[in-house]
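Working notes for the structure below.
We count residues from 1, following the sequence as given.
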Amino acid sequence: MRIPTRKKPEVLSPAGNLRGLKTAVDYGADAVYCGGKAFGMRSAPKNLSLEDFEEGSRYAHERGARVYVTCNVLPRNNEIEAMRGYIGQLKDTGVDALIVSDIGVMMMARQVAPNLELHVSTQAGVTNYQAANAFYELGARRVVLAREMDLQAVRDIRANIPDDLDIECFVHGAMCMAFSGRCLFSNYLTGRDGNHGECAQPCRWKYSIVEEKRPGQYFPIEQTENGAYLFNSQDMNMLGHLDDLIDSGATSLKIEGRAKSAYYIAAMTNAYKTAVNEYMIQRGFEDADGNILLPFHDRVIRPSDPDYGQGTEDQVMRNADAAFAGVADEGYDRAIATSDAPEPDGMSSHARSTRRKSNTAVEQIETDWKHAAVRPAPHVELPEWLLEETDKVAHRDYSTGFYYPEHKVTQNTDRSAYFRSWLVVGEVLSWSADEGGRVTLMSRNKIEPGQQVEFLLPGERPLAYIVPEDGLRDADGTPVPAINNPAHVFSMPCPHQVPINAAIRSRTKKPTLKAE
């Protein structure tokens, strides 16, 4: 049995293998997206076999979660029949949906696997409600919006599409320098096709320039010790702004990172699931025990609503036209506003901006278009410990992506490595109540007496614990002064019951810049 679509915001987590899938489900994911051994947009992870999909689907469904499979490459002619056969195999594994970007693959999937939901990938570049509605008519039940969308664009799409068409939005993880991920940079430099999941991420390499008449002389574009990272975009972090995104009509909240570790998946899934639960409680949809008080509904005012267009403007709407489509220069607007000269041809600033920045001579005249507003509500307050969770995984500098035009994603031109201020020092193998409580663990990094560690617990605040001065033992039960051999079994006193596979982490003595 496949799990039906949720009626409240979905936390969608990544998985690069079967362990990652189970970890995501254990830490609260409502759905997991993952790739198979072929035709997915990430080739670096091991990905899942057909047998893995069968086991993973059973595991997820038993716990109320769903599984989506990425088939979102842009296929070549010689891959079409192979993809047809692959989709035919996937339909019998128990997975719930296919994520596609190519319209031909979408039509193929409807024929070969009619019982699977079709989700339109961000690679398809959906930026408006007309495109979303067209995909809906072709059989899609979800569109993953282009990452270039601001919050107002999400609202406008939500207001003008069927309520049963899901909107999926990215909320956390790496941002791509190219339009919705469609990039040829890696292909050109390395022969590794980014549109087939093999991106070498050359946008995060160091670059210098060479002057034509000075061959062999390399000049850093920015005079720094490490060179310059020309295209290195920041990571997205929307944890503290989920209320804005859910209020604006996002159905599914997508965490990026199929190549990430099980710890990263656990920590970020737990954080975003906890934040969604806080949203549901503070908005009055559920009580603290998860009991439904009101049916969930976003706060977007649709054209069919009686109060559509009646003075509910907010900061998001005031910044509505400052997204990638362009907005008039502030200096030009001030000059017009302070002069007696009329606006040229009576054009609005939005129309002037669009004409100036769209490489077309055709004037974009506004008619009776109105942006969709959102019914106001208090900001959802998240506890400080929860907001700190995003800093406890390896990450680049954070931003809110393109959702707020006044705070657009930017680039790091002096580094491409990840910040790492916390380390995973062990994983729980078992817990016993014997001797007042004892945890057996697989070591990953050094653990010594007096060290403060945290156990990452599903659905709860992390458990802070100070390693006791004695009682550390190796796998044979022999006392040891410290745990300092990675990939070895040890045990230590712990009066708090902790679940199997829980990560044990500790703050680093000095924050580092390292690859994930």
Side-chain angles (χ1 to χ4, degrees), residues 9-17 20-21 23-24 27-35 40-45 47 68-70 72-73 99 101 119-126 142-149 154 167-183 186 194-195 197-199 201 203-204 231-242 245 250-273 275-276 389-403 409 412 416 418-419 515-516:
E10 172 189 88
V11 173
L12 177 57
S13 297
N17 51 42
L21 185 155
T23 297
Y27 278 83
D30 303 302
V32 184
Y33 69 100
C34 37
M41 284 295 291
R42 290 291 183 274
S43 63
N47 293 318
Y68 310 146
V69 182
T70 59
N72 56 340
V73 300
I99 305 170
S101 58
H119 298 176
V120 178
S121 170
T122 188
Q123 310 294 126
V126 175
R142 174 175 298 188
V143 288
V144 187
L145 297 189
R147 299 186 213 197
E148 295 79 20
M149 297 291 89
V154 178
I167 289 179
E168 183 178 305
C169 294
F170 283 89
V171 294
H172 198 91
M175 297 282 288
C176 184
M177 62 157 284
F179 173 75
S180 298
R182 289 196 175 195
C183 183
S186 177
N195 295 317
E198 300 170 352
C199 184
Q201 292 193 325
C203 57
R204 296 185 172 95
F231 315 105
N232 187 40
S233 59
Q234 296 173 327
D235 282 359
M236 180 186 288
N237 178 5
M238 282 289 287
L239 185 64
H241 306 274
L242 284 191
L245 193 54
T251 312
S252 179
L253 310 172
K254 187 171 193 171
I255 301 168
E256 189 276 338
R258 280 191 283 144
K260 299 289 190 179
S261 65
Y263 164 67
Y264 179 97
I265 294 170
M268 293 302 92
T269 298
N270 196 57
Y272 278 89
K273 180 64 173 180
V276 169
E389 283 296 288
T390 56
D391 290 326
K392 295 181 179 181
V393 295
H395 63 92
R396 296 183 178 93
D397 286 326
Y398 281 131
S399 78
T400 52
F402 293 89
Y403 288 119
V409 62
N412 297 334
S416 69
Y418 289 81
F419 291 104
E516 168 68 350

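Looking at Y33 and H119, their side chains never come closer than 4.5 Å, going by heavy atoms from C-beta outward. Using a 4.5 Å cut-off on side-chain heavy atoms (C-beta onward), H241 and V171 make no contact. Counting heavy atoms from C-beta outward, M149 and V126 have side chains that stay 4.5 Å or more apart. Looking at D397 and F419, their side chains come closer than 4.5 Å, going by heavy atoms from C-beta outward. Between Y403 and L245, the closest side-chain pair of non-hydrogen atoms falls below 4.5 Å. Side-chain contact check for M268 versus T390: some heavy-atom pair is nearer than 4.5 Å. Within the 4.5 Å cutoff, no side-chain heavy atoms of I255 are placed close to those of K260. The side-chain heavy atoms of E389 and Y272, taken from C-beta on, include no pair separated by under 4.5 Å.
Between A394 and Y264 the shortest heavy-atom distance is O-CE1, 4.1 Å. Listed here is the closest heavy atom pair of V32 and A24: CG2-CB, 3.8 Å. When all heavy atoms of A275 and L242 are compared, the closest pair comes out as CB-CD1, 3.7 Å. When all heavy atoms of L21 and A15 are compared, the pair lying nearest together is N-CB, 3.3 Å. Closest non-hydrogen pair, G28 versus T269, comes out as C-CG2, 4.0 Å. Across all non-hydrogen atoms, the minimal contact from A174 to R396 is CB-NH1, 4.4 Å.
Taking OG of S121 as the start and CD1 of I99 as the end, the distance is 7.0 Å to the nearest 0.5 Å. Here the straight-line distance linking atom CG of N47 with atom OG1 of T70 works out to 7.0 Å at 0.5 Å rounding. Separation of atoms CG (L253) and CG (D30) is listed at 9.0 Å; rounding is to 0.5 Å.
Scored by the ring pair (Phe, Tyr, Trp, His ring centres under 6.0 Å) test, F170 finds no partners at all (sequence neighbours excluded). Legend: residues meeting side chain to side chain contact (heavy atoms under 4.5 Å, CB included) with A31, ordered by chain and number and at least two apart, are E10, L12, R66, Y68.
A donor-acceptor pair is defined here as one N or O able to donate and one able to accept, closer than 3.5 Å; no such pair exists between the side chain of N72 and the backbone of S101. The main-chain N or O of M236 is never found under 3.5 Å from a side-chain atom of S399 such that the two would form a donor-acceptor pair.
Less than 6.0 angstrom separates the ring centroid of H172 from the ring centroid of Y398.
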